[in-house]
Amino acid sequence: MATQLQDSVEMVEFTLNGQKISARADETILKAAEREGIEIPHLCYSEREGQDGNCRACMVEIDGERVLAPSCCRYPGNDMKVQTNSERALHSQRMVIELLKSDVSEKPHTLHSELDYWASKLEVSTPRFKPRKQVAPDLSHPGIAVNMDACIQCTRCLRACRDEQNNDVIGLAMRGSHTEIVFDLADPMGESTCVACGECVQACPTGALMPANEVAMVEPDRQVESVCPYCGVGCQLTYNIKDDKILYVEGRDGPANHGRLCVKGRYGFDYVHHPHRLTKPLIRREGAPKSGDFTMEPNDIDKIFREATWEEALDMAAKGFLKIRDEKGPNALAGFGSAKGSNEEAYLFQKLIRTGFKTNNVDHCTRLCHASSVVALLECLGSGAVSNPVADVDKADVIVLIGANPTVNHPVGATWMKNALRAGTKLILLDPRTTELSRQATHHLAFKPGSDVPMLNAIMHVIVEENLVDKNFVAERTLGFEAMKKHLQKYSPELMEPICGIPAQTLREVARLYATANTAMILWGMGVSQHVHGTDNARCLISLSLMTGQIGRPGTGLHPLRGQNNVQGASDMGLIPMRLPDYYKVQDDSARHKLEQLWGSEIDSKPGLTVVEIMDAIHEGKLNGLYIMGENPAMSDPDANHARQALSELDILVVQDIFLTETAYLADVILPASGFPEKTGTFTNTDRLVQMGRTAIPMPGDARQDLWIIQQIAQRMGLDWNYDGPKEVFDEIRKAVPSMGGITWERLEREHGVVYPCEQEGDPGEPIIFTDRFPTTDGRGLFVPADIVEPDERPDDEYPYILITGRMLEHWHTGSMTRRSNVLDALEPEAVATIHPLTLEEMNVRPGEMVTLSTRRGEVSVVARVDEAVPTGAIFMAFCYYEAAVNKLSNAALDPAAKIPEFKYCAVKVTPGGEPLKFHSYGGGQSQNKLRH
């Protein structure tokens with residue numbers, strides 16, 4: 001029976017095994033047969049890696065043609081007669097499978113070998129041919145086992161590495177019978193430039209590339225579809241589970257990743273099974289000192305804490321909060337929520353702070369990452385949301401990437417950028433560091449750190465001066481352009497060249513390239529936002545987009561890349577001190593009254609304190625009680641010694657988490673919570689895509705769901721809360737967040753996800769916004785000029801270098817999860833400071849030696865690693881290592897508009913030498929690939 005296909009597609013009719021069928025002219029015989037339920041053997045072809053035609057297992061016979069044809073590469077034509085099961089075709093298929101079987105070891109490396117499957121289907125038994133010389137396994141990589149005795153050279157791994165992830169690690173070497181798959185220059189995988197995304201493992205059909213520890217030889221008893229718990233890309237994945245243990249993870253075809261994962265998404269899951277998991281409520285022992293000594297072994301915690309019942313711990317927490325609220329006032333309390341938790345958890349948490357604590361002193365890590373971006377977007381465009389999804393880069397002629405290193409921080413998002421660049425899109429990279437994408441950039445502007453505003457103003461100066469402005473867009477959809485035009489007159493490229501370090505001619509070329517592109521998209525990261533002038537940086541990017549009309553269309557727009565898995569959702573839910581759910585100001589009487597009716601409680605109209613302001617208020621004696629859910633400010637806050645001292649001064653600190661984090665060490669009450677794979681809820685990625693995360697495994701010991709814990713504290717503080725699970729909370733969110741009002745729980749269970757705004761049930765959602773108007777009172781975007789603001793702290797004779805903090809590929813945020821994942825810990829087990837070789841020579845330091853970094857706030861000792869990507873005169877360090885907590889050094893100076901600290905710039909001195917680091921390896925892994933460093 002002919003399959004019904006769309007009339008708009010060019011169709012052909014041909015005969016397949018004696019049956020007349022219709023097919024698309026652009027689909028192969030293999031695909032057409034598959035749709036008709038006819039199996040044809042194939043190994044080098046897969047849905048994701050596409051066709052290659054090298055294995056020849058899929059040969060079919062076509063009437064009138066002398067030779068057989070590979071069905072994965074051959075397209076049908078009208079009146080063509082194809083036979084997949086003729087004697088000639090079957091003989092060829094069997095011969096190919098037999099030859100391939102003779103090439104591989106009899107020892108299986110996976111339970112699901114596609115070669116074995118086809119051998120069974122075609123009844124091919126023991127090969128008649130002499131096997132090739134067997135190769136010893138390569139077990140040099142902690143996450144991937146290389147079994148070349150199972151390799152059939154189908155090249156699916158090569159194409160996965162090259163064409164999907166664009167890492168170019170895997171290749172074919174030699175010729176003829178000597179041909180082999182190699183990593184880089186035939187290096188062991190553990191010493192190659194492999195970034196352990198695992199795409200090759202997922203692509204391999206025979207077990208030649210498999211997860212280490214032979215987990216592929218264990219049959220899972222169930223699979224659970226969920227999303228990744230790490231960065232804001234929001235990759236969908238599948239947990240493979242046996243006896244309530246996660247064996248391994250595979251990528252799923254979600255809108256943001258289409259099956260792709262990175263090293264953290266692939267291997268960063270076993271932290272949930274770590275022996276350090278909190279399984280009982282803990283209460284600080286009477287008289288136990290609140291120390292910042294985080295190098296003690298977790299087994300020693302019974303000297304500081306004692307186990308308690310849930311009843312005792314919850315009562316102590318709630319009574320402590322009530323006592324402070326009633327005696328010292330609501331504003332003596334505060335709460336830090338989590339961007340790692342679900343929308344439902346974030347919503348209930350901020351609701352508890354506002355209606356139980358009765359204050360707006362509620363914040364989360366957005367204050368430390370993209371607060372300045374959100375402030376500028378709300379000010380200029382009326383919305384803090386990204387305008388276009390990351391994958392829209394494939395429709396852009398030009399990509400502008402500034403202050404972001406997506407190959408490290410958003411690796412799957414970076415693959416879409418690399419795919420676009422291969423297809424001809426031009427990249428303008430603006431970053432003081434030389435990132436991986438710089439070698440593919442049309443222009444890499446390695447500007448002086450902290451000089452974003454003069455550089456961006458100079459680019460806009462050229463656009464105005466050379467009449468490259470989109471006059472119609474400016475006239476119809478913006479305000480304030482004349483003031484901006486006047487402001488830019490003093491920012492010529494020639495005047496800005498010595499300030500930002502970029503030649504005037506380069507600034508002019510970049511301005512022309514961006515302004516004259518049909519479609520151009522700007523993406524940025526925390527290199528833009530984490531400055532005292534972070535809001536000004538974002539204002540410049542918005543103005544650049546507005547004056548050229550590069551917004552509101554596919555392949556254009558503005559996208560601040562969100563750092564954590566649910567930082568977008570947590571902000572949407574109102575987990576910020578000056579905004580209610582859906583970003584209404586707390587001073588907005590109408591919005592506040594609507595929520596008061598929904599919640600049955602009054603809400604304070606005064607904006608609350610931000611993260612850093614809360615720490616200052618504690619020091620001043622104005623704030624005495626703090627409830628922290630899933631955040632680790634003892635590691636993530638700037639000037640961490642100051643933050644740790646503040647946490648130790650509280651009358652009561654309640655920490656709800658899955659591990660004894662550096663913050664939990666300072667708590668009075670610790671509440672063991674649910675890990676990501678142990679909960680069901682919704683999560684919103686950087687594209688505004690709302691997705692469902694599902695419970696995969698049970699919680700350990702007496703740990704409890706975060707939603708349950710929040711409700712228990714609420715009930716003990718007099719709130720009549722009885723939500724029956726996350727679905728009921730989500731139903732209330734739809735009423736409190738109009739932009740999500742049309743998204744139902746049932747739809748999220750059924751579909752891969754829904755993009756907001758989606759205000760009415762059945763609406764498809766809007767991946768691209770600002771198409772006709774901006775959500776401002778008059779529908780227009782606003783130009784806001786920005787002047788040069790110096791970093792708060794410049795290098796001087798005593799502190800001559802610049803310290804830049806950030807993240808690394810293998811670890812995430814403060815490391816509490818990834819450093820307890822065996823593979824990730826083995827890949828990067830020790831703290832390092834990366835420094836340019838010329839700067840190391842100036843310091844008289846050799847790579848691998850200890851150095852001590854000192855600022856006006858503290859010092860840490862760390863191993864020096866050479867890295868030409870870091871600009872001369874600067875030091876880069878990730879903030880995930882508790883034994884060398886770089887945020888002891890960072891500057892707490894704030895952007896005046898967004899109250900975000902200046903993580904990306906402070907003055908530092910470097911002294912050769914230092915005490916060896918005292919730490920225990922969370923994951924028990926030892927670095928097996930130090931040679932590559």
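Below, each value reflects all heavy atoms present in this structure, side chains not excepted, and no hydrogens, waters or symmetry copies. Sequential numbering from 1 along the given sequence is applied to the chain's residues.
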Chemist: Test F676 against every option in F269, W812, F683 by the ring pair (Phe, Tyr, Trp, His ring centres under 6.0 Å) rule and name the one that passes.
Modeler: F683
Chemist: Indicate yes or no: does E631 engage R367 in a salt bridge with an N to O separation below 4.0 Å.
Modeler: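 Between R367 and E631 there is no salt bridge, as every charged N stays at least 4.0 Å from the carboxylate O atoms.
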Chemist: Do the charged groups of E678 and R277 touch, with an N to O distance under 4.0 Å?
Modeler: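 Here E678 pairs with R277 in a salt bridge, since their nearest N and O are under 4.0 Å apart.
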Chemist: Please round to the nearest 0.5 Å and tell me the distance separating atom CG of L598 and atom CD of E596.
Modeler: 11.0 Å
Chemist: Any carboxylate oxygen within less than 4.0 angstrom of a Lys/Arg side-chain nitrogen, looking at E613 and K622?
Modeler: no
Chemist: Can you see whether T805 engages N887 through a side-chain donor-acceptor pair at a distance of less than 3.5 angstrom?
Modeler: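 Short answer, no.
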Chemist: Give a yes or no on whether the backbone of S372 and the side-chain of S529 come within a donor-acceptor separation of less than 3.5 Å.
Modeler: no
Chemist: Less than 4.0 Å between a side-chain N and a carboxylate O, is that true for D651 and K328?
Modeler: yes
Chemist: Heavy atoms only: give me the nearest V612-P638 pair and the separation to one decimal.
Modeler: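 Taking every non-hydrogen atom into account, CG2-CG, 4.0 Å.
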Chemist: How far apart are the closest heavy atoms of K899 and L894, and which atoms are they?
Modeler: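 The pair with the smallest heavy-atom distance is O-CD2, 3.7 Å.
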Chemist: To the nearest 0.5 Å, tell me how far I670 CD1 sits from I301 CD1.
Modeler: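 One gets 7.0 Å once the value is rounded to the nearest 0.5 Å.
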Chemist: Quick check for you: to the nearest 0.5 Å, what is the distance between S816 atom OG and L660 atom CG?
Modeler: 11.0 Å
Chemist: Is the Y882 to Y665 ring centre distance short of 6.0 Å?
Modeler: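 Ring centres of Y665 and Y882 not closer than 6.0 Å.
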Chemist: Can you confirm whether the side chains of Q711 and Q715 place a donor and an acceptor under 3.5 Å from each other?
Modeler: no
Chemist: E225: what forms a salt bridge (Lys or Arg N to Asp or Glu O under 4.0 Å) with it, not counting sequence neighbours?
Modeler: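 Only R252 meet the salt bridge (Lys or Arg N to Asp or Glu O under 4.0 Å) criterion with E225.
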Chemist: Mind checking the OG-NE2 spacing from S338 to H364? Nearest 0.5 Å is all I need.
Modeler: 8.0 Å
Chemist: Applying side chain to side chain contact (heavy atoms under 4.5 Å, CB included), run through K888 and R644 and close with a yes or a no.
Modeler: CA-CA 10 Å; K888 289 181 181 179; R644 294 171 182 184; 3.4 Å; yes
Chemist: Look only at the side chain of H619 and the backbone of H642, and say whether a donor-acceptor pair between them is shorter than 3.5 Å.
Modeler: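 Answer holds: yes.
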Chemist: M615 versus I618: any side-chain heavy-atom pair under 4.5 Å?
Modeler: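 Result yes, sub-4.5 Å side-chain heavy-atom pair found.
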Chemist: Looking only at side chains, do S674 and D706 share a donor and an acceptor under 3.5 Å apart?
Modeler: yes
Chemist: Can you sort out the partners of R716 under salt bridge (Lys or Arg N to Asp or Glu O under 4.0 Å), two or more places apart, ordered by chain and number?
Modeler: E311, D315
Chemist: What are the two closest heavy atoms between P330 and F357, and how far apart are they?
Modeler: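 Between these two residues, the closest heavy atoms are CB-O, 3.2 Å.
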Chemist: Determine whether N565 and V227 make a side-chain contact, defined as any pair of heavy atoms from C-beta on separated by less than 4.5 Å.
Modeler: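 In short, these two side chains do not touch, never coming nearer than 4.5 Å.
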Chemist: Hey, does the side chain of S890 reach the backbone of F903 with a donor-acceptor pair shorter than 3.5 angstrom?
Modeler: no
Chemist: Report the distance from atom CD of E312 to atom CZ of R306, rounding to the nearest 0.5 Å.
Modeler: 4.0 Å
Chemist: Can you name the nearest heavy-atom pair linking V249 to G265, along with the distance?
Modeler: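 Scanning both residues, the minimum pair turns out to be CG1-O, 3.6 Å.
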Chemist: Minimum heavy-atom separation for I697 and H273, please, with both atom names.
Modeler: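 Closest heavy-atom pair between I697 and H273: CD1-CE1, 3.6 Å.
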Chemist: Going through the checks in order, is the side chain to side chain contact (heavy atoms under 4.5 Å, CB included) test met by C228 and V233?
Modeler: CA-CA 9 Å; C228 180; V233 172; over 6 Å; no
Chemist: Flag yes if more than 12 heavy atoms outside K358 fall under 6.0 Å of its NZ atom; otherwise flag no.
Modeler: yes
Chemist: Any side-chain to backbone donor/acceptor pair from E751 onto L748? Under 3.5 Å, distance only.
Modeler: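 Between the backbone of L748 and the side chain of E751 there is no qualifying donor-acceptor contact (under 3.5 Å).
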Chemist: Can you check whether L580's main-chain N or O pairs, donor with acceptor, with R592's side chain at less than 3.5 Å?
Modeler: no
Chemist: May I ask you to check whether N360 and D604 show a side-chain donor-acceptor distance below 3.5 Å?
Modeler: no
Chemist: Using the ring of each side chain (for Trp, its six-membered ring), is Y627 parallel, tilted or perpendicular to F321, with breaks at 30° and 60°?
Modeler: tilted
Chemist: Would you confirm whether N361, through its side chain, and G608, through its main-chain N or O, come within 3.5 Å as a donor-acceptor pair?
Modeler: no
Chemist: So, applying side-chain contact (heavy atoms from CB on, under 4.5 Å) with T610, which one of D616, D363, I900 is it?
Modeler: D363
Chemist: Check whether more than 12 heavy atoms from other residues, nucleotides or ligands sit under 6.0 Å from atom CD of E602, and answer yes or no.
Modeler: no
Chemist: Give a yes-or-no answer on whether the side chains of E810 and T818 include a donor-acceptor pair shorter than 3.5 Å.
Modeler: no
Chemist: Hey, what's the ring geometry for Y230 with Y271, parallel, tilted or perpendicular (30° and 60° as the breaks)?
Modeler: perpendicular
Chemist: Are the side chains of M635 and T663 in contact, using a 4.5 Å heavy-atom criterion?
Modeler: no
Chemist: Going by heavy atoms in the side chains, are Y239 and R694 under 4.5 Å from each other?
Modeler: no
Chemist: For D572 and Q568, does a side-chain donor sit closer than 3.5 Å to a side-chain acceptor?
Modeler: yes
Chemist: Indicate whether any N or O donor in one side chain lies under 3.5 Å from an N or O acceptor in the other, for D720 and N722.
Modeler: yes
Chemist: So does K290 pair up with D668, basic N to acidic O under 4.0 Å?
Modeler: yes
Chemist: How close do N343 and I733 get, counting heavy atoms only, and between which atoms?
Modeler: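 For N343 and I733, the tightest heavy-atom pair comes out as O-CD1, 3.9 Å.
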Chemist: Thinking salt bridges, do R819 and E883 make one under a 4.0 Å N-O criterion?
Modeler: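 Yes, this pair counts.
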Chemist: So M316 and V654, do their side chains get closer than 4.5 Å, heavy atoms only?
Modeler: no
Chemist: Could you please spell out the steps behind the side chain to side chain contact (heavy atoms under 4.5 Å, CB included) verdict for Q223 and I241?
Modeler: CA-CA 6 Å; Q223 294 182 314; I241 300 162; over 6 Å; no
Chemist: In the structure I gave you, are the side-chain heavy atoms of M573 and F349 within less than 4.5 Å of one another anywhere?
Modeler: no
Chemist: Should we say atom NZ of K242 is surrounded by more than 12 heavy atoms from elsewhere, each under 6.0 Å from it?
Modeler: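 Counting other residues, nucleotides and ligands, NZ of K242 exceeds 12 neighbours.
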Chemist: Does R284 use its side chain to pair, donor to acceptor, with the backbone of A667 at less than 3.5 Å?
Modeler: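 Confirmed, R284 side chain pairs with A667 backbone.
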Chemist: Would you call R222-D244 a salt bridge at under 4.0 Å N-O?
Modeler: yes
Chemist: To the nearest 0.5 Å, tell me how far D589 CG sits from I603 CD1.
Modeler: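 Atom-to-atom, D589:CG and I603:CD1 are 11.5 Å apart.
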Chemist: Can you tell me if E344 uses its side chain to pair, donor with acceptor, with the backbone of K727 under 3.5 Å?
Modeler: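 Here the side-chain-to-backbone pair does not exist.
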Chemist: Okay, side chain of W721, backbone of I710: is any donor-acceptor separation there less than 3.5 Å?
Modeler: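 It does not hold such a pair.
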Chemist: Can you check whether T682 reaches I743 side chain to side chain, under 4.5 Å on heavy atoms?
Modeler: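 Answer no - side chains too far apart.
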Chemist: I'd like to check the salt bridge (Lys or Arg N to Asp or Glu O under 4.0 Å) partners of K351; sequence neighbours left out, ordered by chain and number.
Modeler: E732
Chemist: Donor-acceptor check, side chain of Q691 to backbone of G234, threshold 3.5 angstrom: yes or no?
Modeler: yes
Chemist: Could you please spell out the steps behind the side chain to side chain contact (heavy atoms under 4.5 Å, CB included) verdict for F730 and M740?
Modeler: CA-CA 10 Å; F730 185 79; M740 292 173 59; 3.8 Å; yes
Chemist: Would you say the side chain of S821 lies within less than 4.5 Å of the side chain of Y267, judging by non-hydrogen atoms?
Modeler: no
